[in-house]
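In what follows, a single structure is set out as structure tokens and then discussed.
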Amino acid sequence: EYGTDKEALEKVTMILTEEEEKKLLEVRTWEFTDDEGLKRQKHVIEKLTGVRKNQKRAGYMYEVRFATKGSGEGPTGFINEDKLEEGGWGKHVKQTAEKILAEEGRFKRPLTQSNVEKLLVDVGMEREHATHTQMSQLSGGQKVKVVLGAAMWDQPHIVILDEPTNYLDRESLAALAGAIEQFKGGVVIITHNDQFSKALCPETWLVEKGDDGIGRLDCQGDADWMEAVMKEKTESVAMEEMVDALGNVTKVKQAKKKLTRKEKKQRELAKKKAKELGEHWSSSEEE
């Protein structure tokens, strides 16, 4: 609700105990900042209403609303997060901090018609489905595609797919398998489709109960696939020249390679040998 992870709010670590609730209702002296400057007054905090970065040190200051005995809203002020945690507001601070981290790390894609249409086209649907078709009018396979597209809206690092092959035809299954292989992040899949699983997973761990009633692990497929991947080397090609808009060519100065102790010793021996033979030793060879 309101952009909050419902499951995160229901965690035991986020639910206040009876003792913690009583602590929040205690009157205590709070040091806070408002429009008039720094103040120290006795108050009971009603709730957290906002947050801003602390300009004097690392961390955040949280805007709080103080309770009032009369009608209307009480005064507000900014309090450092460590003081709030000392006063029993640690779980509220943690909940707000998680929202801040989620917003800062989230890829913000503008919610526009063109972006929604492009997203649906990328998952194999028609552009018109975004503006002229209700969800109830879509087929089972089309609904799966919409869900897959929605899952990728914020460009997540990890995607968890629960039975993604349901209602998809063979062509869509092949496209989904190809997309998963090209995805640079992590993927967790729950599926009963053995063919789909084997096409994506080079190694399978099969746990079966034997005749003696003991479960044993059977590793099937290529168990050395990870080692093979780690051995693969990718060579980066450094730019030697750069051409600007006017056609001017500029030589790009390459970073000098730092030699190991063994390479330095071999170079010194080669330099000494060249001098003994009367051969020329250039400065470029010395670098």
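We count residues from 1, following the sequence as given.
In plain terms, the two heavy atoms of V93 and L48 that are nearest each other are N-CD1, 4.2 Å. Of all heavy-atom pairs between G88 and L24, the closest is O-CD2, 3.2 Å. Taking every heavy atom of both residues into account, H43 and P75 meet most closely at CE1-CG, 4.3 Å. Here the shortest heavy-atom pairing between A199 and E181 reads O-OE2, 3.6 Å. Across all their heavy atoms, I189 and L200 have their closest contact at CD1-CD1, 3.9 Å. Contact between K143 and L138 at its shortest, heavy atoms only, is CE-O, 3.4 Å.
Side chains of D194 and S197: no donor on one and acceptor on the other come within 3.5 Å. For Q220 and D218, the side-chain atoms include at least one donor-acceptor pair closer than 3.5 Å.
D154 places no side-chain N or O within 3.5 Å of a backbone atom of P156 that could act as its donor or acceptor partner. For the pair N80 (side chain) and D82 (backbone), a donor-acceptor distance under 3.5 Å is absent. Remark: the backbone N or O of E46 is not paired with any side-chain donor or acceptor of R65 at under 3.5 angstrom. Here the side chain of E63 pairs no donor or acceptor atom with the backbone of F78 at under 3.5 angstrom. Checking side-chain atoms of Q182 against main-chain N and O of A179 turns up no donor-acceptor pair under 3.5 Å. The main-chain N or O of E18 is never found under 3.5 Å from a side-chain atom of E21 such that the two would form a donor-acceptor pair.
Here H132 contributes atom NE2 and R127 contributes atom CZ; the two are 11.0 Å apart, rounded to the nearest 0.5 Å. We find the OG1-NZ distance between T112 and K118 to be 11.0 Å, quoted to the nearest 0.5 Å. Going from atom OG of S139 over to atom CG of D169 covers 9.0 Å, rounded to the nearest 0.5 Å. Distance check, rounded to the nearest 0.5 Å: NZ of K22 to OG1 of T17 gives 10.0 Å. H129 NE2 to Q137 CD: the interatomic distance, rounded to the nearest 0.5 Å, is 9.0 Å. Atoms CG and CZ, from L168 and R170 in turn, are 12.5 Å apart once rounded to the nearest 0.5 Å.
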Apply salt bridge (charged side-chain N to carboxylate O under 4.0 Å, His left out) to the pair D35 and K39, showing each step before the final yes or no.
-> CA-CA 10 Å; D35 295 336; K39 294 182 179 180; over 6 Å; no
Apply salt bridge (charged side-chain N to carboxylate O under 4.0 Å, His left out) to the pair E31 and R40, showing each step before the final yes or no.
-> CA-CA 4 Å; E31 184 177 282; R40 286 178 60 88; 3.3 Å; yes
Determine, stepwise, if the pair V146 / M135 fulfils side chain to side chain contact (heavy atoms under 4.5 Å, CB included).
-> CA-CA 9 Å; V146 172; M135 283 291 292; 3.9 Å; yes
Test log, rule side chain to side chain contact (heavy atoms under 4.5 Å, CB included), inputs D162 and T191 = CA-CA 7 Å; D162 186 3; T191 180; over 6 Å; no
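P164 is not listed as a side-chain neighbour of V144, based on a closest heavy-atom distance of 4.5 Å or more. Residues M152 and V159 have side chains in contact (heavy-atom distance under 4.5 Å, counting atoms from C-beta outward). Using a 4.5 Å heavy-atom threshold, the side chains of V116 and Q113 count as separate. You'll find the side chain of E208 stays beyond 4.5 Å of the side chain of L217, heavy atoms only. With contacts defined as side-chain heavy-atom distances shorter than 4.5 Å, the pair N193/N166 does not qualify. The shortest side-chain heavy-atom distance between L176 and L148 falls under the 4.5 Å cut-off. Within the 4.5 Å cutoff, the side chain of T76 has no heavy atoms near those of the D34 side chain. Contact check for T131 versus E117: side-chain heavy atoms found under the 4.5 Å cut-off.
M125 and L173 sit in two unconnected hydrophobic clusters of ILVMFWY residues. Membership requires side-chain heavy atoms under 4.5 Å apart, directly or through other members. A single hydrophobic cluster is seen to contain both F196 and V187, as judged by linkage of ILVMFWY side chains at heavy-atom distances under 4.5 Å, directly or through other members. Hydrophobic clustering of Ile, Leu, Val, Met, Phe, Trp and Tyr side chains at less than 4.5 Å, counting indirect connections, keeps V188 apart from F183. Taken together through direct or relayed side-chain contacts under 4.5 Å among Ile, Leu, Val, Met, Phe, Trp and Tyr, F66 and Y62 form part of one hydrophobic cluster. M61 and I79 sit in two unconnected hydrophobic clusters of ILVMFWY residues. Membership requires side-chain heavy atoms under 4.5 Å apart, directly or through other members.
More than 12 heavy atoms of other residues, nucleotides or ligands lie within 6.0 Å of CZ in R52, so this atom counts as buried by the packing criterion. Annotation: E26, atom CD; neighbour count of heavy atoms from other residues, nucleotides and ligands within 6.0 Å is above 12. Surrounding CD of E20 are more than 12 heavy atoms belonging to other residues, nucleotides or ligands, all under 6.0 Å away. Around CD of E85, the count of heavy atoms belonging to other residues, nucleotides or ligands within 6.0 Å exceeds 12. Within a 6.0 Å sphere centred on CD of E171, other residues, nucleotides and ligands contribute 12 heavy atoms or fewer.
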